[in-house]
2 protein chains.
Amino acid sequence: MEHRIERIKKQLHAESYKLTPQREATVRVLLEREEDHLSAEDIYLLVKEKAPEIGLATVYRTLELLSELKIVDKINFGDGVSRYDLRKEGAAHFHHHLVCMECGTVEEIVEDLLEDVEKKVENQWQFQVKDHRLTFHGICRKCQQNNNEAN
Amino acid sequence: MEHRIERIKKQLHAESYKLTPQREATVRVLLEREEDHLSAEDIYLLVKEKAPEIGLATVYRTLELLSELKIVDKINFGDGVSRYDLRKEGAAHFHHHLVCMECGTVEEIVEDLLEDVEKKVENQWQFQVKDHRLTFHGICRKCQQNNNEAN
DNA sequence: TGGTTATTGATAATCATTTACACTTGATAA
DNA sequence: TTATCAAGTGTAAATGATTATCAATAACCA
(Lines give C-alpha, C1' and ligand atoms only; values in the text may rest on other atoms or scores of the structure.)
Protein backbone atom coordinates (compact mmCIF):
# COMPACT_ATOMS: atom_id res chain seq x y z
CA MET A 1 0.00 0.00 0.00
CA GLU A 2 2.61 2.55 1.05
CA HIS A 3 4.60 1.56 -1.96
CA ARG A 4 1.73 2.39 -4.25
CA ILE A 5 1.08 5.68 -2.53
CA GLU A 6 4.73 6.57 -3.12
CA ARG A 7 4.37 5.69 -6.74
CA ILE A 8 1.33 7.86 -7.21
CA LYS A 9 3.09 10.67 -5.36
CA LYS A 10 5.88 10.48 -7.89
CA GLN A 11 3.45 10.43 -10.78
CA LEU A 12 1.86 13.59 -9.44
CA HIS A 13 5.21 15.28 -8.85
CA ALA A 14 6.26 14.42 -12.38
CA GLU A 15 3.45 16.66 -13.58
CA SER A 16 4.15 19.19 -10.80
CA TYR A 17 1.12 18.41 -8.70
CA LYS A 18 1.32 17.78 -5.00
CA LEU A 19 -0.01 14.90 -3.00
CA THR A 20 -1.94 16.99 -0.51
CA PRO A 21 -3.51 15.36 2.56
CA GLN A 22 -6.90 15.49 0.86
CA ARG A 23 -5.56 13.86 -2.26
CA GLU A 24 -3.77 11.24 -0.22
CA ALA A 25 -6.91 10.42 1.74
CA THR A 26 -8.80 10.02 -1.52
CA VAL A 27 -6.14 7.76 -2.99
CA ARG A 28 -6.12 5.66 0.16
CA VAL A 29 -9.83 5.07 -0.15
CA LEU A 30 -9.37 4.02 -3.74
CA LEU A 31 -6.61 1.60 -2.74
CA GLU A 32 -8.58 0.14 0.13
CA ARG A 33 -11.66 -0.40 -1.99
CA GLU A 34 -9.91 -1.39 -5.14
CA GLU A 35 -12.36 -4.13 -5.99
CA ASP A 36 -15.36 -1.84 -5.84
CA HIS A 37 -16.51 0.60 -8.44
CA LEU A 38 -17.23 3.63 -6.36
CA SER A 39 -19.00 6.80 -7.42
CA ALA A 40 -17.67 10.22 -6.47
CA GLU A 41 -20.32 10.43 -3.78
CA ASP A 42 -19.33 7.01 -2.36
CA ILE A 43 -15.71 8.06 -2.30
CA TYR A 44 -16.59 11.36 -0.68
CA LEU A 45 -18.39 9.63 2.17
CA LEU A 46 -15.52 7.22 2.74
CA VAL A 47 -12.90 9.95 2.62
CA LYS A 48 -14.92 11.96 5.12
CA GLU A 49 -14.31 9.22 7.68
CA LYS A 50 -10.57 9.87 7.43
CA ALA A 51 -10.69 13.59 6.78
CA PRO A 52 -14.05 14.96 7.90
CA GLU A 53 -13.40 18.49 6.70
CA ILE A 54 -12.95 17.54 3.07
CA GLY A 55 -15.36 19.01 0.54
CA LEU A 56 -17.16 17.17 -2.22
CA ALA A 57 -15.71 19.50 -4.84
CA THR A 58 -12.20 18.55 -3.78
CA VAL A 59 -12.98 14.89 -4.24
CA TYR A 60 -14.30 15.63 -7.72
CA ARG A 61 -11.23 17.70 -8.47
CA THR A 62 -8.92 14.96 -7.25
CA LEU A 63 -10.68 12.28 -9.24
CA GLU A 64 -10.53 14.44 -12.34
CA LEU A 65 -6.82 14.94 -11.83
CA LEU A 66 -6.13 11.26 -11.23
CA SER A 67 -8.16 10.54 -14.31
CA GLU A 68 -6.08 12.84 -16.47
CA LEU A 69 -2.92 11.22 -15.21
CA LYS A 70 -4.39 7.80 -16.00
CA ILE A 71 -4.04 6.73 -12.42
CA VAL A 72 -7.74 6.03 -12.31
CA ASP A 73 -10.22 5.31 -15.07
CA LYS A 74 -13.57 6.99 -15.11
CA ILE A 75 -16.27 4.54 -16.09
CA ASN A 76 -19.93 4.66 -16.72
CA PHE A 77 -22.23 1.68 -16.50
CA GLY A 78 -25.29 3.54 -17.68
CA ASP A 79 -26.79 4.47 -14.34
CA GLY A 80 -26.52 8.21 -13.86
CA VAL A 81 -23.12 8.31 -12.15
CA SER A 82 -19.47 8.07 -13.06
CA ARG A 83 -17.43 5.48 -11.25
CA TYR A 84 -13.72 5.53 -10.64
CA ASP A 85 -11.39 2.59 -10.88
CA LEU A 86 -7.70 2.44 -10.08
CA ARG A 87 -5.57 1.19 -12.91
CA LYS A 88 -3.72 -1.96 -12.03
CA GLU A 89 -0.07 -1.27 -11.44
CA GLY A 90 1.79 -1.08 -14.72
CA ALA A 91 -1.28 -1.85 -16.81
CA ALA A 92 -1.17 -0.19 -20.20
CA HIS A 93 -4.82 -0.89 -20.80
CA PHE A 94 -8.02 -0.56 -18.99
CA HIS A 95 -9.31 -3.82 -17.59
CA HIS A 96 -12.60 -5.34 -18.66
CA HIS A 97 -15.86 -5.64 -16.78
CA LEU A 98 -18.62 -8.21 -16.46
CA VAL A 99 -21.84 -6.54 -15.39
CA CYS A 100 -24.63 -8.85 -14.25
CA MET A 101 -27.99 -7.75 -15.60
CA GLU A 102 -29.86 -9.39 -12.73
CA CYS A 103 -27.99 -8.61 -9.53
CA GLY A 104 -25.87 -5.75 -10.79
CA THR A 105 -22.52 -6.99 -9.50
CA VAL A 106 -19.46 -6.04 -11.47
CA GLU A 107 -16.61 -8.49 -11.91
CA GLU A 108 -13.27 -7.57 -13.34
CA ILE A 109 -11.11 -9.22 -15.92
CA VAL A 110 -7.57 -8.01 -15.55
CA GLU A 111 -6.14 -10.10 -18.34
CA ASP A 112 -6.12 -8.35 -21.69
CA LEU A 113 -8.38 -10.28 -24.03
CA LEU A 114 -8.17 -7.84 -26.87
CA GLU A 115 -4.66 -8.12 -28.24
CA ASP A 116 -5.73 -9.91 -31.39
CA VAL A 117 -8.75 -7.72 -31.89
CA GLU A 118 -6.65 -4.59 -31.55
CA LYS A 119 -4.23 -5.77 -34.19
CA LYS A 120 -7.14 -6.35 -36.49
CA VAL A 121 -8.52 -2.88 -35.86
CA GLU A 122 -5.14 -1.29 -36.49
CA ASN A 123 -4.70 -3.16 -39.75
CA GLN A 124 -8.17 -3.14 -41.19
CA TRP A 125 -9.36 0.27 -40.01
CA GLN A 126 -6.01 2.05 -39.84
CA PHE A 127 -6.97 3.22 -36.39
CA GLN A 128 -4.12 3.59 -33.93
CA VAL A 129 -5.46 2.15 -30.70
CA LYS A 130 -4.37 3.81 -27.48
CA ASP A 131 -6.86 2.32 -25.09
CA HIS A 132 -10.14 0.50 -24.95
CA ARG A 133 -13.25 -0.06 -22.92
CA LEU A 134 -14.88 -3.43 -22.90
CA THR A 135 -17.90 -4.37 -20.85
CA PHE A 136 -19.94 -7.53 -21.09
CA HIS A 137 -23.53 -7.54 -19.98
CA GLY A 138 -25.05 -10.83 -19.02
CA ILE A 139 -25.79 -13.24 -16.20
CA CYS A 140 -23.18 -13.96 -13.58
CA ARG A 141 -22.43 -17.43 -12.27
CA LYS A 142 -24.37 -16.95 -9.07
CA CYS A 143 -27.53 -15.77 -10.80
CA GLN A 144 -27.30 -18.63 -13.27
CA GLN A 145 -27.24 -21.07 -10.35
CA ASN A 146 -30.17 -19.36 -8.67
CA ASN A 147 -32.14 -19.48 -11.90
CA ASN A 148 -31.43 -23.18 -12.33
CA GLU A 149 -32.52 -23.97 -8.80
CA ALA A 150 -35.71 -21.97 -9.26
CA ASN A 151 -36.69 -24.12 -12.26
CA MET B 1 -36.74 3.21 -44.82
CA GLU B 2 -40.48 2.56 -44.81
CA HIS B 3 -39.71 -1.08 -44.36
CA ARG B 4 -37.71 -0.38 -41.25
CA ILE B 5 -40.40 1.91 -39.87
CA GLU B 6 -42.87 -0.94 -40.33
CA ARG B 7 -40.59 -3.27 -38.51
CA ILE B 8 -40.22 -0.95 -35.57
CA LYS B 9 -43.97 -0.42 -35.55
CA LYS B 10 -44.42 -4.16 -35.18
CA GLN B 11 -41.87 -4.35 -32.43
CA LEU B 12 -43.75 -1.68 -30.53
CA HIS B 13 -47.10 -3.35 -31.10
CA ALA B 14 -45.68 -6.62 -29.88
CA GLU B 15 -45.18 -4.94 -26.51
CA SER B 16 -48.49 -3.09 -26.85
CA TYR B 17 -47.06 0.30 -27.49
CA LYS B 18 -48.21 2.52 -30.32
CA LEU B 19 -46.20 4.25 -32.98
CA THR B 20 -47.58 7.72 -32.40
CA PRO B 21 -46.73 10.55 -34.80
CA GLN B 22 -44.21 11.87 -32.29
CA ARG B 23 -42.55 8.51 -31.95
CA GLU B 24 -42.51 8.05 -35.68
CA ALA B 25 -40.92 11.45 -36.22
CA THR B 26 -38.26 10.55 -33.68
CA VAL B 27 -37.56 7.20 -35.30
CA ARG B 28 -37.31 8.88 -38.71
CA VAL B 29 -34.65 11.22 -37.43
CA LEU B 30 -32.73 8.25 -36.05
CA LEU B 31 -32.98 6.46 -39.39
CA GLU B 32 -31.93 9.50 -41.40
CA ARG B 33 -28.96 10.20 -39.18
CA GLU B 34 -27.99 6.62 -38.56
CA GLU B 35 -24.28 7.28 -38.89
CA ASP B 36 -24.27 9.99 -36.26
CA HIS B 37 -24.32 9.58 -32.55
CA LEU B 38 -26.90 12.09 -31.52
CA SER B 39 -27.74 13.28 -28.05
CA ALA B 40 -31.32 13.64 -26.89
CA GLU B 41 -31.04 17.38 -27.39
CA ASP B 42 -29.71 16.93 -30.95
CA ILE B 43 -32.56 14.59 -31.74
CA TYR B 44 -35.07 16.97 -30.21
CA LEU B 45 -33.91 19.82 -32.45
CA LEU B 46 -34.07 17.65 -35.54
CA VAL B 47 -37.47 16.23 -34.70
CA LYS B 48 -38.76 19.74 -34.15
CA GLU B 49 -38.17 20.44 -37.84
CA LYS B 50 -40.66 17.74 -38.73
CA ALA B 51 -43.01 18.15 -35.81
CA PRO B 52 -42.52 21.60 -34.26
CA GLU B 53 -44.95 21.03 -31.43
CA ILE B 54 -43.07 18.10 -29.93
CA GLY B 55 -41.75 18.46 -26.40
CA LEU B 56 -38.31 17.55 -25.16
CA ALA B 57 -39.77 15.23 -22.55
CA THR B 58 -41.50 13.22 -25.24
CA VAL B 59 -38.23 12.74 -27.06
CA TYR B 60 -36.63 11.49 -23.86
CA ARG B 61 -39.57 9.19 -23.23
CA THR B 62 -39.42 7.82 -26.74
CA LEU B 63 -35.70 7.21 -26.57
CA GLU B 64 -36.11 5.49 -23.24
CA LEU B 65 -38.81 3.27 -24.70
CA LEU B 66 -36.80 2.41 -27.80
CA SER B 67 -33.90 1.65 -25.54
CA GLU B 68 -35.88 -0.80 -23.47
CA LEU B 69 -37.03 -2.56 -26.61
CA LYS B 70 -33.42 -2.73 -27.81
CA ILE B 71 -34.27 -0.80 -30.91
CA VAL B 72 -31.69 1.78 -29.97
CA ASP B 73 -28.66 1.57 -27.74
CA LYS B 74 -27.91 4.28 -25.26
CA ILE B 75 -24.24 5.05 -25.21
CA ASN B 76 -21.96 7.28 -23.27
CA PHE B 77 -18.60 8.46 -24.47
CA GLY B 78 -17.70 10.22 -21.26
CA ASP B 79 -18.84 13.72 -22.11
CA GLY B 80 -21.87 14.56 -20.03
CA VAL B 81 -24.56 13.35 -22.42
CA SER B 82 -26.14 10.08 -23.46
CA ARG B 83 -26.17 9.33 -27.14
CA TYR B 84 -28.56 7.08 -28.98
CA ASP B 85 -27.70 4.68 -31.70
CA LEU B 86 -30.03 2.54 -33.79
CA ARG B 87 -29.25 -1.15 -33.69
CA LYS B 88 -28.41 -2.50 -37.09
CA GLU B 89 -31.22 -4.57 -38.48
CA GLY B 90 -31.12 -8.05 -37.02
CA ALA B 91 -27.97 -7.41 -35.02
CA ALA B 92 -27.84 -9.44 -31.85
CA HIS B 93 -25.02 -7.37 -30.50
CA PHE B 94 -24.14 -3.80 -30.11
CA HIS B 95 -21.65 -2.59 -32.67
CA HIS B 96 -18.24 -1.27 -31.73
CA HIS B 97 -16.91 2.26 -31.78
CA LEU B 98 -13.62 3.92 -32.60
CA VAL B 99 -13.37 7.26 -30.85
CA CYS B 100 -10.59 9.57 -32.00
CA MET B 101 -8.87 11.24 -29.07
CA GLU B 102 -7.80 14.19 -31.21
CA CYS B 103 -10.71 15.19 -33.39
CA GLY B 104 -13.48 13.38 -31.52
CA THR B 105 -15.04 11.65 -34.51
CA VAL B 106 -16.70 8.33 -33.89
CA GLU B 107 -16.42 5.53 -36.42
CA GLU B 108 -18.42 2.37 -36.24
CA ILE B 109 -17.46 -1.24 -36.65
CA VAL B 110 -20.49 -3.27 -37.47
CA GLU B 111 -18.72 -6.58 -37.75
CA ASP B 112 -18.62 -8.52 -34.49
CA LEU B 113 -15.00 -8.87 -33.45
CA LEU B 114 -15.72 -10.47 -30.13
CA GLU B 115 -16.99 -13.93 -30.90
CA ASP B 116 -13.84 -15.65 -29.75
CA VAL B 117 -13.45 -13.41 -26.74
CA GLU B 118 -17.03 -14.07 -25.69
CA LYS B 119 -16.51 -17.81 -25.84
CA LYS B 120 -13.49 -17.42 -23.64
CA VAL B 121 -15.43 -15.34 -21.13
CA GLU B 122 -18.25 -17.86 -21.03
CA ASN B 123 -15.88 -20.74 -20.46
CA GLN B 124 -13.30 -19.26 -18.15
CA TRP B 125 -15.51 -16.96 -16.10
CA GLN B 126 -18.79 -18.87 -16.35
CA PHE B 127 -20.45 -15.63 -17.31
CA GLN B 128 -23.35 -15.90 -19.71
CA VAL B 129 -22.83 -13.04 -22.14
CA LYS B 130 -25.94 -11.29 -23.44
CA ASP B 131 -24.41 -8.18 -24.91
CA HIS B 132 -21.27 -6.14 -24.91
CA ARG B 133 -19.91 -2.66 -25.28
CA LEU B 134 -16.57 -2.16 -26.91
CA THR B 135 -14.97 1.19 -27.60
CA PHE B 136 -11.46 1.86 -28.76
CA HIS B 137 -9.83 5.16 -28.01
CA GLY B 138 -7.00 6.25 -30.24
CA ILE B 139 -6.01 8.22 -33.31
CA CYS B 140 -8.08 8.01 -36.47
CA ARG B 141 -6.58 7.68 -39.91
CA LYS B 142 -7.09 11.32 -40.79
CA CYS B 143 -5.39 12.63 -37.67
CA GLN B 144 -2.50 10.22 -38.18
CA GLN B 145 -1.99 11.68 -41.65
CA ASN B 146 -2.20 15.22 -40.36
CA ASN B 147 0.34 14.42 -37.67
CA ASN B 148 2.73 12.89 -40.20
CA GLU B 149 2.49 15.90 -42.47
CA ALA B 150 3.09 18.24 -39.58
CA ASN B 151 6.41 16.52 -38.81
C1' DT C 1 -71.98 8.53 -27.15
C1' DG C 2 -69.45 8.36 -22.91
C1' DG C 3 -65.78 6.50 -20.37
C1' DT C 4 -61.27 4.70 -19.87
C1' DT C 5 -56.42 4.62 -20.73
C1' DA C 6 -52.19 5.94 -22.94
C1' DT C 7 -49.67 9.74 -24.51
C1' DT C 8 -48.25 14.30 -24.74
C1' DG C 9 -46.35 19.27 -23.78
C1' DA C 10 -45.04 22.53 -20.51
C1' DT C 11 -42.98 23.17 -16.49
C1' DA C 12 -40.99 22.28 -12.21
C1' DA C 13 -38.02 19.24 -9.62
C1' DT C 14 -33.94 16.43 -9.14
C1' DC C 15 -29.43 15.15 -9.05
C1' DA C 16 -24.54 14.77 -10.50
C1' DT C 17 -21.07 17.68 -11.57
C1' DT C 18 -18.74 22.41 -12.10
C1' DT C 19 -17.77 26.92 -11.09
C1' DA C 20 -16.92 31.12 -8.35
C1' DC C 21 -14.79 33.02 -4.79
C1' DA C 22 -12.72 33.98 -0.53
C1' DC C 23 -9.69 31.63 2.51
C1' DT C 24 -5.59 28.56 3.68
C1' DT C 25 -1.38 26.49 2.96
C1' DG C 26 3.19 25.82 1.89
C1' DA C 27 7.09 27.18 -0.64
C1' DT C 28 10.17 30.81 -1.99
C1' DA C 29 12.76 35.14 -2.04
C1' DA C 30 14.04 39.26 0.15
C1' DT D 1 11.93 35.83 9.84
C1' DT D 2 8.47 37.98 7.13
C1' DA D 3 6.20 39.24 2.82
C1' DT D 4 4.70 37.34 -1.38
C1' DC D 5 2.67 34.27 -4.52
C1' DA D 6 0.58 30.36 -6.57
C1' DA D 7 -1.65 26.15 -5.75
C1' DG D 8 -5.10 23.96 -3.36
C1' DT D 9 -9.33 23.95 -0.65
C1' DG D 10 -14.34 24.37 1.36
C1' DT D 11 -18.69 26.41 0.88
C1' DA D 12 -22.27 27.59 -1.63
C1' DA D 13 -24.32 28.77 -5.78
C1' DA D 14 -24.78 27.68 -10.73
C1' DT D 15 -25.25 24.58 -14.44
C1' DG D 16 -27.06 21.22 -17.37
C1' DA D 17 -28.98 16.71 -18.40
C1' DT D 18 -32.61 13.99 -17.20
C1' DT D 19 -37.07 12.83 -14.74
C1' DA D 20 -41.41 13.63 -12.49
C1' DT D 21 -45.79 16.07 -12.28
C1' DC D 22 -50.02 17.28 -14.02
C1' DA D 23 -53.54 19.03 -16.80
C1' DA D 24 -54.89 18.61 -21.62
C1' DT D 25 -55.45 15.65 -25.65
C1' DA D 26 -55.85 11.65 -28.52
C1' DA D 27 -56.94 6.85 -29.31
C1' DC D 28 -59.73 3.09 -28.21
C1' DC D 29 -63.65 0.41 -26.75
C1' DA D 30 -68.30 -0.75 -24.77
Side-chain angles (χ1 to χ4, degrees), chain A residues 8-9 11-30 37-69 71-85, chain B residues 8-29 37-69 71-85:
Chain A
I8 289 169
K9 191 172 182 175
Q11 285 176 271
L12 286 170
H13 285 167
E15 309 277 346
S16 54
Y17 294 110
K18 296 173 230 173
L19 185 63
T20 63
Q22 291 90 337
R23 287 177 184 164
E24 183 172 335
T26 305
V27 168
R28 281 185 188 277
V29 165
L30 290 171
H37 299 80
L38 303 171
S39 68
E41 186 82 28
D42 295 337
I43 295 167
Y44 171 61
L45 293 174
L46 290 167
V47 175
K48 251 179 129 58
E49 294 174 9
K50 293 185 200 302
E53 70 299 342
I54 200 170
L56 178 57
T58 300
V59 172
Y60 270 104
R61 284 186 285 234
T62 300
L63 292 170
E64 184 59 33
L65 178 60
L66 295 174
S67 218
E68 272 167 30
L69 301 189
I71 295 167
V72 307
D73 284 297
K74 190 172 175 180
I75 40 177
N76 198 302
F77 291 132
D79 52 348
V81 294
S82 294
R83 296 172 183 281
Y84 298 85
D85 227 2
Chain B
I8 289 169
K9 191 173 183 175
K10 277 183 196 144
Q11 285 176 270
L12 286 170
H13 285 168
E15 308 278 346
S16 55
Y17 294 109
K18 297 169 231 175
L19 185 64
T20 64
Q22 291 90 337
R23 287 175 184 164
E24 184 173 334
T26 306
V27 168
R28 282 186 189 277
V29 165
H37 298 81
L38 303 171
S39 68
E41 187 81 29
D42 295 336
I43 295 166
Y44 170 62
L45 292 174
L46 290 166
V47 175
K48 250 179 129 60
E49 293 174 9
K50 294 185 199 304
E53 71 298 342
I54 201 170
L56 178 56
T58 301
V59 172
Y60 270 103
R61 282 186 289 237
T62 301
L63 292 171
E64 184 59 33
L65 178 60
L66 295 174
S67 216
E68 272 167 29
L69 301 189
I71 295 167
V72 306
D73 285 298
K74 190 172 174 179
I75 39 177
N76 197 302
F77 291 132
D79 53 347
V81 293
S82 294
R83 296 171 183 283
Y84 298 85
D85 226 2

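Just so it is clear, the structure is predicted and the values come from calculations on it, not from any experiment. By convention in this document, chain letters (A, B, ...) are assigned in the order of the sequence lines, proteins followed by strands, and residues within each chain are numbered from 1.
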Atom [atom1] of [X] to atom [atom2] of [N]: distance rounded to whole Å?
X: B:Glu53; N: D:dA26; atom1: CD; atom2: C1'; answer: 13 Å
X: B:Gln22; N: D:dA26; atom1: CD; atom2: P; answer: 10 Å
X: B:Asp79; N: C:dT18; atom1: CG; atom2: C1'; answer: 15 Å
X: A:Glu24; N: D:dT9; atom1: CD; atom2: P; answer: 12 Å
X: B:Arg23; N: C:dG9; atom1: CZ; atom2: P; answer: 11 Å
X: A:Leu65; N: C:dT17; atom1: CG; atom2: C1'; answer: 17 Å
X: A:Leu19; N: D:dT9; atom1: CG; atom2: P; answer: 10 Å
X: B:Leu56; N: D:dA20; atom1: CG; atom2: P; answer: 14 Å

| query | What does D:dC5 pair with, Watson-Crick or G-U, if both distances are under 3.5 Å? | reply |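 Partner of D:dC5: C:dG26.
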
| field | From B:Leu12 atom CG to B:Leu66 atom CG, the distance as rounded to the nearest 0.5 Å | value |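 It is 6.5 Å, given to the nearest 0.5 Å.
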
| task | Output the distance between atom OG1 (B:Thr58) and atom OH (B:Tyr44), rounded to the nearest 0.5 Å. | result |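 These two atoms lie 9.0 Å from each other.
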
| request: Look at the side-chain N and O atoms of B:Thr20 and state whether any lies under 4.0 Å from the OP1 or OP2 oxygen of D:dA27. | output: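 So the side-chain polar atoms of B:Thr20 never come under 4.0 Å of the phosphate oxygens OP1 or OP2 of D:dA27.
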
| message | Counting only side-chain nitrogens and oxygens, does B:Tyr60 get under 4.0 Å of the OP1 or OP2 atom of D:dT18? | response |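 Affirmative; the distance criterion is met.
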
Taking the side chain of [X] as heavy atoms from C-beta outward, which of [options] is closest to it?
X: A:Lys18; options: D:dA7, D:dG10, D:dT19; result: D:dA7
X: A:Tyr17; options: C:dT18, D:dG8, C:dG9; result: D:dG8
X: A:Ala57; options: C:dA10, D:dT11, C:dT17; result: D:dT11
X: B:Ala40; options: D:dT18, C:dT17, C:dT8; result: D:dT18

| message | Classify A:Ser82 by what it touches in the nucleic acid, base, sugar-phosphate, or nothing, heavy-atom distance under 4.0 Å. | response |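 Here A:Ser82 touches the backbone only, sparing every base.
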
| task | For A:Glu41, answer base if it contacts any base atom (sugar-phosphate contacts may also be present), sugar-phosphate if it contacts only those atoms, and nothing otherwise; contact means non-hydrogen atoms under 4.0 Å. | result |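 Nothing, no heavy atom under 4.0 Å.
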
| message | Here's a test of your reading of the structure: between B:Arg61 and B:Gly80, which maps to the more 5' nucleotide of DNA chain D? | response |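 Looking at DNA chain D, the more 5' nearest nucleotide goes with B:Gly80.
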
| task | Search all heavy atoms of A:Leu63 against all heavy atoms of A:Val72 and return the closest pair with its distance. | result |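 That would be O-CG2, 4.0 Å.
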
| said: Ignoring hydrogens, what is the shortest heavy-atom contact between A:Gln11 and A:Leu69? Give both atom names and the distance. | reply: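 Result for this residue pair: O-CD1, 4.2 Å.
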
| query | Does a side-chain N-to-carboxylate-O contact under 4.0 Å join B:Glu64 and B:Lys74? | reply |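 B:Lys74 and B:Glu64: salt-bridged.
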
| message | Quick check on DNA chain C: between B:Gly55 and A:Val81, whose nearest nucleotide comes earlier from the 5' end? | response |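 Nearest nucleotide further toward 5': that of B:Gly55.
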
